[in-house]
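Below is one structure; the comments refer to it alone.
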Amino acid sequence: MEMLKVDSLSFTYAGEKEPALREVSFTLETGEFALITGETGCGKSTLLRLLKRELAPRGRREGRILIGGRDAEELTARESGKKIGYVAQRPEEQTVTDRVWHELAFGLENLGIPEAEMRRRVAETAQFFGLEDCFDASPEELSGGKRQLLNLAAATVMMPELLLLDEPTAKLDPIAAKQFLAALERLNRETGMTILMAEHRLEDSLSRAGKLIVMAQGRAVNQGKPREVCGSLPEGSTAEGALPAASRLWRAVGKRGECPLNTGEGRRWIQDHYAEKSLSGSEGQPAGEREEGREAAPPALRIRDASFRFERGGRDILRDVCLEIRTGEIFALLGGNGSGKTTLTRMAAGLIRPYSGEIELFGKKLREWRNGDLRREGVAMLPQDPQTLFLRASVREELKDVGMLREELPFDLHALLDRHPYDLSGGEQQLLALTMVLAGRPRLLLLDEPTGGLDAGWRGKIREMLRELKKKGMSMLLVTHDAEFAAETADRCGLLFRGAVEAAGEPHAFFRGASYYAAPAARLVPGCVTVAEAAERLMHGGKDA
Amino acid sequence: MNAMSRRHPGAVSLYVGCVLLPVIWGMNPVTAGIALASGVTLLLLLEPSAGRKSLLFYLPAALLCGIVNPLFNHHGKTALFFLNGNPVTREAILYGLVMGMMIAAVMIWFRCFSAMMDTDRLLTLTALLSPRLSVVVSMTLRAIPMLRRQAEKTREAQKGLGLIREENGLDRVQGALRVFDGLVTWGLENGIVTADSMAARGYGSGKRTRYRLYPWKKADTRTALFSLGILILTAASALAGWTRYIWYPEMISPGLTVRSAGTYLCYAALSWTASWIEIADRIRWKRLRREIPEKPDPGRGTEEHGWKC
């Protein structure tokens, strides 16, 4: 049976001329798990919101939406609340109440479900998602990943027939994202819930889905089984960057055999079609330490044996950290949540002080810098959440505040000058934040998770910008859990684990040893860190099948 | 976790209310004494070490009332001596002591009340008043830590930009204003996400029901009826004048009659109920523990060990 049928749906926001959606049509069978992908602003969110009556934006709508055979307009608020669940991107702001149990019960309370029934459903759901341990806790105490699981649980406790998710894993670290997707897959398989999820990174989700819809400029340009869509996407289309590394590699080397959708399938596919020697290969270029010659300049940042904890009796967040960032290099620091990455950047920025150890910036102890000089020509930090930088009503005012003149803008922001910072897309916000941070002309830039929640197009743009800055002599510490981005961008990478930098080296050397925290390309073809490199190796090092 | 905190928060509140109302309205030394003694018993049961320490504060404070009252209050007929030309009367001293006992009793009972109720249980009481109010309270409680965290993050980000300097007081005020400014915008913008999340889950779609974390049990009904019954009895007895004290100009006690003694006994039974429930609970646990074999069977342990080797 058709759970959802969207029939040539077009939508124009009130007050806009250009339609946000143009004649989108697709159907979902009951129990299907479908993904929508496309770059930021392609209309994914608009489409999802139109499917949920309460969230539908105002504007002119044409075409039809049928949910379980009934027009979406006909559903009452109660029916819509009961039948359609919705989970959005930001984990914190979606939580309504101050207790986990209340959050789970909230939707049922709203729908007026009798108490006995409510207790059963809350109990079942809490067990299904493993939330019993924190049932009495405040959502504030949960990690981002667990909190998003709570949001998923709170949406599914009403047993909706259709579940809509709008980039639910964009703000999670990779491990939490995988757990979330696993829970979602289990939900789909065990309860037969129909799921429609918008995502702009399909690395972990594509192999779980039964259908992929690709959107561009408000149109559904391509849809079908994931393998077919992977094969038929036009070369160089923006959605290509969203595909898993294995699928991209498959496309890059001539689409031989069946398209792999995850790393496991990818390795099998390489084994079947390419010679063994390309796998073990030459173990990567012995790129070595290329820039040994420039020892003369003092390092941009040198941290020696620094330890930090929040309270005297607490545990060490950072423990005897040693880290050196050379002038003019991009150093990427990887690590899971809670490994102390953010604390390390705060310490390097002089916002918090280690209780032991030494920090030097450009050969001068951090303590000896005058505060003004430090902020003006020393170090600047791009915080994880760019919204913490925005306090004004327009981009123009923000730039005026930091003293950035229009002529000096490092990036083209002219089109955005009169918009409210909060109305910008995630990528545009990151760009504005970067511009503001650069206003003080720092020589060392600390970037905390600059690609969090960005699509492939924006990640590429940010990468180009960082390279551009590097050419001008900027040194950078990039803190991220995006291994692929680190591999493509950084000169050296390091892994932070339990408060200490465990390994540091040039990306090829670094990822050769990594097994779990690796760029996907490095898992497919050892010794390579990017898909382009892997493709090169397969083309020239492999045999014909 | 004490025995009383397994009762419904409503029942606990009603019970404490019924113990304290006669104390507050009565001005009766016997009632105040019973409330004080039972309060001390309960406090020592619930919080043995912290309770003992706070008694060192409450009890002298009660005595102090007995000393201070006659200095300002010169009613009463029996002047004991004169201080600065003002009479210090026996009645005023007695009145002060009873007042001190009352205050100490109320404070100690409030300490006990908070030991039997945590924030969560207290909040369920708001839900008894109105289901909507409980949502608002819950949302507010969630918003406070969230805003605080965001304020801290904003302050640090702005400091990192060099837009907030914290070198002197003026800088600090300007910085705080800047952060507040940003926080308002952030709150409004992200409030939309929360509002969407509420709408998506059917908030305002009709009559609400309520998930009760603490269901009302039979024992709660018993406690509530018992408390109310004794409150009515005590009030009736006071209205009938059986337990009424007159303080000025001369203290007149109703004396110990069968009626007043009966009332006091009933009130004492009520006051010590919580302590009794706590003690009975402990005895039950002791007995249960005795039935559990003290040590695991030694034979099995070695067997397991052998298997591992």
Side-chain angles (χ1 to χ4, degrees), chain A residues 52 54-55 76-78 80-82 84-86 88 90 92-99 101-102 105-115 118-119 122 136 138-140 151 154-155 158 346 349 351 371-372 375-376 380-381 383 385 387-391 393 401-402 422 436-437 439-440, chain B residues 119-120 123 131 134-135 137-146 149-163 165-167 178-186 188-213 215:
Chain A
K52 179 91 177 146
E54 300 91 321
L55 305 178
T76 63
R78 278 242 148 132
S80 172
K82 211 176 287 188
I84 309 172
Y86 181 85
R90 301 177 75 98
E92 277 90 26
E93 287 79 3
Q94 278 182 83
T95 345
V96 177
T97 64
D98 70 322
R99 287 286 177 249
W101 65 265
H102 202 175
F106 183 73
L108 299 171
E109 289 183 332
N110 292 335
L111 297 177
I113 308 286
E115 199 182 345
M118 180 151 62
R119 297 194 87 85
V122 166
D136 291 319
S138 153
E140 206 66 29
N151 291 327
M158 293 171 274
R346 289 168 69 203
L351 294 167
N371 201 20
R375 300 287 167 234
R376 223 167 300 125
M381 185 170 94
D385 181 1
Q387 291 189 352
T388 53
L389 290 173
F390 307 150
L391 305 178
D401 257 17
V402 293
Y422 279 83
M436 289 171 71
V437 166
Chain B
T119 327
D120 265 0
L123 283 177
S134 77
V135 173
V137 169
S138 179
M139 285 178 68
T140 316
L141 282 174
R142 182 200 68 112
I144 292 166
M146 202 169 80
R149 194 167 33 102
Q150 186 68 16
E152 189 45 43
K153 279 193 339 203
T154 307
R155 193 186 70 91
E156 215 174 80
Q158 298 287 325
K159 218 173 129 187
L161 267 190
L163 290 175
R165 286 188 305 267
E166 299 190 327
E167 281 151 18
R178 228 185 125 74
V179 170
F180 182 74
D181 210 22
L183 210 56
V184 172
T185 320
W186 182 85
L188 289 175
E189 286 292 332
N190 288 293
I192 297 170
V193 180
T194 312
D196 278 351
S197 168
M198 291 172 76
R201 289 190 272 157
Y203 187 72
S205 68
K207 207 168 157 2
R208 298 187 90 230
T209 43
R210 207 156 49 75
Y211 183 94
R212 290 177 305 175
L213 201 53

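Chain A is the first sequence line, chain B the second, and so forth, proteins listed ahead of strands; every chain is numbered from 1.
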- Query: Which bit of A:Asp136 is near chain B, if near means a heavy-atom gap under 4.5 Å: side chain, backbone, both or neither?
  - Reply: both
- Contacting moiety of A:Leu389, where chain B heavy atoms sit under 4.5 Å: both
- Item | Structural part of B:Glu156 lying under 4.5 Å from a heavy atom of chain A | both
- Among A:Lys52, A:Glu93, A:Gln387, which has the most heavy-atom pairs under 4.5 Å with chain B? A:Glu93
- Task: For each of B:Thr185, B:Leu183, B:Asp196, tally heavy-atom pairs with chain A at distances under 4.5 Å, and name the one with the top tally.
- Result: B:Asp196
- Query: With a 4.0 Å cut-off, would you call A:Glu92 and A:Arg90 a salt bridge?
  - Reply: no
- Query: Checking A:Ala393 against chain B: side chain, backbone, both or neither under 4.5 Å from a heavy atom?
  - Reply: neither
- Message: Less than 4.5 Å to any heavy atom of chain A: does that hold for the side chain of B:Ile192, its backbone, both, or neither?
- Response: neither
- Measuring heavy-atom distances to chain A, does B:Arg149 have an atom under 4.5 Å in its side chain, in its backbone, in both, or in neither? side chain
- Item | Side-chain (A:Arg119) to main-chain (A:Pro114) donor-acceptor, under 3.5 angstrom | no
- Grab the two heavy atoms, one from A:Arg78 and one from B:Gly206, that are nearest each other, plus how far apart they are. NH2-C, 3.2 Å
- Item | Mutual orientation of the aromatic rings belonging to A:Tyr422 and A:Phe390 [parallel < 30°, tilted 30-60°, perpendicular > 60°] | perpendicular
- Task: Name the member of A:Ser80, A:Ala88, A:Ala154, A:Ala349 that forms the most heavy-atom pairs with chain B at distances under 4.5 Å.
- Result: A:Ala154
- Message: Please classify the contact of A:Glu140 with chain B as side chain, backbone, both or neither, using a heavy-atom distance under 4.5 Å.
- Response: side chain
- Query: Is it true that a side-chain atom of A:Lys82 and a backbone atom of B:Gly202 form a donor plus acceptor pair closer than 3.5 Å?
  - Reply: no
- Query: If you count heavy-atom pairs under 4.5 Å with chain B, which of A:Asn110, A:Ile113, A:Leu391 comes out on top?
  - Reply: A:Asn110
- Task: Considering only heavy atoms and a distance below 4.5 Å, find which of A:Val437, A:Thr95, A:Ile84 pairs most often with chain B.
- Result: A:Thr95
- Expected output: side-chain B:Arg201 to main-chain A:Phe106 donor-acceptor under 3.5 Å: no
- Under 3.5 Å, side chain of B:Thr194 to main-chain N/O of A:Val96, donor-acceptor pair present? no
- Note on the structure: Scored by heavy-atom pairs under 4.5 Å with chain A, the best of B:Lys153, B:Gln158, B:Met139 is B:Gln158
- Using atom types as modelled and distance alone, determine if a side-chain donor or acceptor of A:Glu115 lies under 3.5 Å from a backbone N or O of B:Arg212. yes
- Query: Would you say the side-chain atoms of B:Ser138 and A:Asp98 include a donor-acceptor pair closer than 3.5 Å?
  - Reply: yes
- Query: Is it the side chain or the backbone of A:Thr97 that comes within 4.5 Å of chain B heavy atoms, both, or neither?
  - Reply: both
- Message: Looking at A:Gly112, is its backbone amide N or carbonyl O close enough to the side chain of B:Lys207 to form a donor-acceptor pair, meaning the two atoms are under 3.5 Å apart?
- Response: no
- Item | Options B:Leu141, B:Val193, B:Asn190, ranked by heavy-atom pairs under 4.5 Å with chain A, top entry | B:Asn190
